[in-house]
Amino acid sequence: MKFTILLIVALALGAVAAQFLVADPGYVAIDFRGYTVETTVPGLVLILLGVFLLVWITLKIIRAPRRMGEAAAAYRGRRAGQRFTQGLIEIAEGNYSKGERLLTRGAAKADAPLLNYLAAARAAQLQNQDARRDNWLKRAYEQQPEASNAILLTQAELQIAHEQYELAQATLRQLDEQEGGNGQAVVLLARLFHERKEWQQLGALLPRLQRLGRPDKSTLDQWSVDYHEFTLSDTASHAGDVPRAWEDVPKHLKKQTPLQIAYISALAATGLSNKAVIEVKQMLKSNWQPGLVRLFGKTLSEDPSSQLQQAEKWLSKHPDDHELLLAAGRLCIATELWGKARSYLESALATQHSPEAFATFGQLLTQLGESGAAAEAYRNGLQLIESDRPALPGPDSKT
């Protein structure tokens, strides 16, 4: 629209100027170093237009190679982008080899060759071609050495995925030892230690992870629980270390059932049964869990009769609790109350059949001299255990 208006104005002005020039074309004389050029005004205008067109065409010719190069580069960039997109699509569809070829064809000329090579490395890994994977990672570094951290992190992730744990650990240590360290390297290193159950090394990283605020809170809490559960279990042969290990557990994790069970078990294993019973009673007030109830029945203090009274108080609130009935039966056996023991164990089996309940019932029946019934109880318990085991493949089974 603007161009149309300008064209109309220019034509109008030209028409007016033409009227004047027809009536009087004017006279122009140019004298330069002894040379004189005489012409009319329209002639001068034509000469100037000719000079302008000559200069314009000359500049176009001079700039043409550069513009052709820019156009070719833009075309190559578009082609590289199309290959990158298509390569990712092929990988997503499971065509890893084709995707890898598309990603690496002309990757060096792509706008972001780093992405091409990193994606190609993942494609090679999916084909179990670790040597080719490492080659693409090397090419990525050669193309963009300033992205070495991202390349090493990718390499470590791929090594972990292929269970190349020693190589991954070396890669992550290299990153962590750089100036300023690398937070993601610490996270991956911790994940590696967790997967390999290298609890002491994981524990050494937990304070750093807390300061970094990563990974997410639920993952970090789970790693902490697993580490402290190992530490508590590891102190089971050193009575003095158990309370100290429990003190090291963060306050917000002390209500985690696995840690409470590990703590009570460690106390009982080191001969601190009275303390174990006191602690488990306290825990059950706010955290009624089958595992803790089971430990209450298995851990005998110096006064099992008092424990039995406590169990019977709880039964008024939890009359059908299988673990509590089983615990009461065990405590009756400990206090030689055979009739009550039988009643509680039969009630436990009525609520749920479990190998532990059958085994305890078998022990009671043996004590009472009922060997046939005891053998049947043991047999029922073994059948439950066998039914929970995965079936073994037969001789004709295909693997």
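The chain is numbered in sequence order, starting from 1. Remember, it's a predicted structure, so these values are computed and weren't measured experimentally.
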Can you sort out the partners of T351 under side chain to side chain donor-acceptor pair (under 3.5 Å), two or more places apart, ordered by chain and number?
-> H322
Give a yes or no on whether a salt bridge exists between E312 and K340, defined as a side-chain N under 4.0 angstrom from a carboxylate O.
-> yes
Shortest non-hydrogen separation from L172 to L153 and the atoms involved | CD2-CD2, 4.5 Å
Identify whether F358 and L368 are in the same connected component of the hydrophobic contact network (ILVMFWY, side-chain heavy atoms under 4.5 Å).
-> yes
Are T299 and V280 side-chain neighbours, meaning at least one heavy-atom pair lies under 4.5 Å?
-> no
Between the side chain of Q127 and the main-chain N/O of A123, is any donor-acceptor distance below 3.5 Å?
-> yes
Side chain proximity check, Q310 to F296, heavy atoms < 4.5 angstrom = yes
Would you kindly confirm whether L300 and Y344 end up in one hydrophobic cluster when ILVMFWY residues are joined by side chain heavy atoms under 4.5 Å apart?
-> yes
Without hydrogens or angle criteria, can the side chains of T104 and N116 be said to hold a donor-acceptor pair below 3.5 Å?
-> no
In Å, rounded to the nearest 0.5 Å, how long is the span from CD of Q169 to CD of Q159?
-> 11.0 Å
Contacts of S306 that satisfy side chain to side chain donor-acceptor pair (under 3.5 Å) - sequence neighbours left out = none
Are E323 and R330 within salt-bridge range, i.e. N to O under 4.0 Å?
-> no
Just wondering, do I91 and L103 contact through their side chains at under 4.5 Å, heavy atoms?
-> yes
Measure the CZ-CD distance between R244 and E247 for me, rounded to the nearest 0.5 Å.
-> 10.5 Å
Does L384 share a hydrophobic cluster with F361, counting links as ILVMFWY side-chain heavy atoms below 4.5 Å and allowing steps through other members?
-> yes
Would you tell me whether Q201 and E198 have side-chain atoms, one donor and one acceptor, within less than 3.5 Å of each other?
-> yes
Verdict with reasoning, E157 to R191, per salt bridge (charged side-chain N to carboxylate O under 4.0 Å, His left out) = CA-CA 10 Å; E157 287 178 359; R191 179 171 283 115; over 6 Å; no
Whether T219 side chain and P215 backbone form a donor-acceptor pair below 3.5 Å | no
Ionic contact status for R101 with E90, cut-off 4.0 Å | no
Are the side chain of Q260 and the backbone N or O of M283 linked by a donor-acceptor pair below 3.5 Å?
-> no
Heavy-atom closest pair, residues G362 and A374 | O-CB, 3.5 Å
Is the closest side-chain heavy-atom distance between L308 and L337 below 4.5 Å?
-> yes
Salt bridge or not for R122 and E100, using N-O below 4.0 Å?
-> no
Can you check side chain to side chain donor-acceptor pair (under 3.5 Å) on D130 and Q164, steps first, answer last?
-> CA-CA 10 Å; D130 293 347; Q164 296 171 315; 3.1 Å; yes
Using distance alone, with no hydrogens and no angle criterion, decide if S301 and D303 have a side-chain donor and acceptor under 3.5 Å apart.
-> no
Starting from L114, walk the hydrophobic network (Ile, Leu, Val, Met, Phe, Trp, Tyr; side-chain heavy atoms closer than 4.5 Å) and list everyone else you reach, by chain and number.
-> L118, L137, Y141, I151
Which residue pairs pass the side-chain hydrogen bond (donor to acceptor under 3.5 Å, both in side chains) test with at least one member in residues 362-371, sequence neighbours excluded?
-> R342-E370
For the side chain of Q307 and the backbone of V277, is there at least one donor-acceptor N/O pair under 3.5 Å apart?
-> no
If you measure from the Lys or Arg side-chain nitrogens to the Asp or Glu carboxylate oxygens, is any gap between R208 and D176 under 4.0 Å?
-> yes
Side chains of L345 and I333: does their closest heavy-atom pair fall under 4.5 Å?
-> yes
Nearest 0.5 Å, what's the CD-OG distance between Q174 and S148?
-> 8.5 Å
Check whether any side-chain heavy atom of W288 lies under 4.5 Å from a side-chain heavy atom of L324, and answer yes or no.
-> yes
Can you find a side-chain donor-acceptor pair between D226 and H194 that sits under 3.5 Å?
-> yes
Cluster link L126 to L167, ILVMFWY, side chain under 4.5 Å = no
Between L206 and L189, is there a shared hydrophobic cluster once you connect ILVMFWY residues whose side-chain heavy atoms come closer than 4.5 Å?
-> yes
Nearest heavy atoms of A334 and P304, plus distance in Å = CB-CB, 4.4 Å
Please check if any side-chain donor atom of W314 sits under 3.5 Å from a side-chain acceptor atom of D321, or the reverse.
-> no
When you check the gap from the basic side-chain N to the acidic O, do K217 and D221 get nearer than 4.0 Å?
-> yes
Would H228 and W246 count as a close aromatic pair, with their ring centres under 6.0 Å?
-> no
By the rule that ILVMFWY residues connect when side-chain heavy atoms come within less than 4.5 angstrom, directly or transitively, which residues belong alongside W136?
-> Y117
Under 4.5 Å side-chain linkage, directly or through intermediates, the cluster mates of L158 = none
